[in-house]
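Written out below as structure tokens is the structure these notes cover.
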Amino acid sequence: MSQFKLHDVRLFCLPNCFFAAVLFSAGALAAAQEQSGSAKAVSKGETNDQPNMEIRKVGLVVHGGAGTISRSEMTPQREREYRAGLERAMTAGYEILKRGGSSLDAAEAAVRMLEDDPHFNAGKGAVFTSIGTNEMDAAVMDGKTLSAGAVASLKHIKNPVSLARLVMEKSGHVMMDGEGAEAFAKENGVQVLPDQKYFFTQERWEALQKVKAAEKSGGGGKKYIITDQDRHGTVGAVALDQNGNLAAATSTGGTTNKRAGRVGDSPVIGAGTYANNATCAVSATGDGEYFVRATVAHDVSALMEYRGMSLTEAAQSVLDKVAKLGGSGGLIAIDRQGNIALPFNTSGMYRGYVDPNGKFVVEIYK
Ligand code: ASP
């Protein structure tokens, strides 16, 4: 599991003028340090080398799904494409954070990039249901206000994450699904596609045929090699902004061959998505049914809030709970100090974060 202290963003306050200089100091601390209590978050007033200096961190973590991802099945070209997709998402989010933008904007922007990328199971690259449709779920949560928005079973919206945000900000509700959600999108000027052609990708279509064939033959044995890549995936982002606000965003096409109308954990606030400035922001990925039953994202927060656990401990212990139920997957999380955690109990998880020097780190395998 990776864990770091993320960036220090120093705000220098001068008489009659205010300007922010963004310095990315090397504040990386290993997980072991935090666990041993030696990690120390640098906060307002702790340094005295500059008068009136506040130190603020920003942080960003993204994921593109967890599962069996083996090096042997990955071509160098494909790996480059996945990495580039994660980097594009981080660039979109990080540019916003560097400019002093909100964690909500950053998380949404990062997820939109991943939704537009056919490699990931969300938006453009969404998997197919058993009846050959694409049905997408997404959610956002603002850790400052505990406002949340979620959408489920969308069929004609290119960027479900942005509709989730609109639901949060304009609907007076938290969760909307299907036709009602799409009518709400239309009312608010969001493009509603006339059909589902945009979401067709040959690879996802073939995955559906493989999963169906394997099911028909009672598991398929060696005849059908079904990878987790074929079965599911999700994208997500968690961010910490200069104002100390946390946010989380998640978007998914769900699971290949799911029943029409099935909704997973991603749009369920507290299961696949959660953010609370008092604790952390979380976006999960994995076997949705288990993540819902284990209330994963809120549990990480609750263990920090009520048990005083560190982010690392809380994230791992919730993932262990999922494993005990029989589920697999992973999550990304960030706390207010900029600590991050990216645990997973599968052989891989597409993931990336911005290191303390502002460098993008992308990892796929264990
Ligand atoms: N959690 C998603 C779902 O069940 C799938 C995944 O993350 O792989 O819809």
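These numbers were taken from a predicted model, which means no experiment stands behind them.
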Within 6.0 angstrom of Lys144 NZ, more than 12 heavy atoms from elsewhere: no
Residues which pass side-chain contact (heavy atoms from CB on, under 4.5 Å) with Ala109, listed by chain and number, not counting sequence neighbours: Ala92, Ile96
Within residues 128-147 or reaching into it, pairs that qualify as ring-ring contact (aromatic ring centres under 6.0 Å, His included) - sequence neighbours excluded: Phe128-Phe200, Phe128-Trp205
Sidechain N-carboxylate O distance under 4.0 Å for Glu87, Arg83: no
Contacts table for residues 153-161: side-chain donor-acceptor under 3.5 angstrom, sequence neighbours left out:
| from | atom 1 | to | atom 2 | distance (Å) |
| --- | --- | --- | --- | --- |
| His156 | ND1 | Glu182 | OE1 | 2.8 |
| Asn159 | OD1 | Arg112 | NH2 | 3.3 |
| Asn159 | ND2 | Glu115 | OE1 | 2.9 |
| Asn159 | ND2 | Asp116 | OD1 | 3.1 |

Pairwise salt bridge (charged side-chain N to carboxylate O under 4.0 Å, His left out) hits with a residue in residues 273-284, at least two apart: none
Atom pair CG (Asp241) and CG (Leu246), whose distance is rounded to the nearest 0.5 Å: 8.0 Å
Tyr94 with Leu104, same ILVMFWY side-chain cluster at under 4.5 Å: yes
Co-members of the apolar cluster containing Val263 [side chain, <4.5 Å]: none
CG-OG1 distance between Leu311 and Thr279, expressed to the nearest 0.5 angstrom: 9.0 Å
Path from Leu97 to Met141 over hydrophobic side-chain contacts below 4.5 Å: no
Pairs where residues 285-325 contributes a residue and the test ring-ring contact (aromatic ring centres under 6.0 Å, His included) is met, not counting sequence neighbours: Tyr274-His298
Pairs meeting criterion salt bridge (charged side-chain N to carboxylate O under 4.0 Å, His left out) with involvement of residues 316-331, two or more places apart: Asp299-Lys321
Val127 with Met136, same ILVMFWY side-chain cluster at under 4.5 Å: no
Test log, rule salt bridge (charged side-chain N to carboxylate O under 4.0 Å, His left out), inputs Lys197 and Asp195: CA-CA 6 Å; Lys197 283 187 199 129; Asp195 53 48; 3.4 Å; yes
Using a 3.5 Å cut-off and no angle test, enumerate the donor-acceptor pairs between side-chain atoms of residues 253-260 and protein atoms at least two apart in sequence or in another chain.
| from | atom 1 | to | atom 2 | distance (Å) |
| --- | --- | --- | --- | --- |
| Thr256 | OG1 | Asp230 | O | 2.4 |
| Thr256 | OG1 | Arg231 | O | 3.3 |
| Asn257 | ND2 | Glu215 | OE1 | 3.3 |
| Asn257 | ND2 | Glu215 | OE2 | 3.4 |
| Lys258 | NZ | Glu135 | O | 2.7 |
| Lys258 | NZ | Gly253 | O | 2.9 |

Glu169 CD: over 12 foreign heavy atoms closer than 6.0 Å: yes
Pair listing, salt bridge (charged side-chain N to carboxylate O under 4.0 Å, His left out) test, anchored in residues 286-297, at least two apart: Arg262-Glu289
From Ile69 atom CD1 to Tyr350 atom OH, the distance as rounded to the nearest 0.5 Å: 4.0 Å
Gap separating the OG atom of Ser162 from the CD atom of Gln191, nearest 0.5 angstrom: 12.5 Å
Those residues that, when tested against Glu81, pass salt bridge (Lys or Arg N to Asp or Glu O under 4.0 Å) (two or more places apart): none
Nearest-0.5 Å distance, CD of residue Glu108 to CE of residue Met168: 8.5 Å
Members sharing Ile131's hydrophobic cluster (side chains within less than 4.5 Å): none
Results of side-chain contact (heavy atoms from CB on, under 4.5 Å) for Thr234 - residues two or more places apart only: His63, Thr250, Thr252, Ser266, Thr285
Distance (rounded to the nearest 0.5 Å) between Ile269 CD1 and Ser147 OG: 10.5 Å
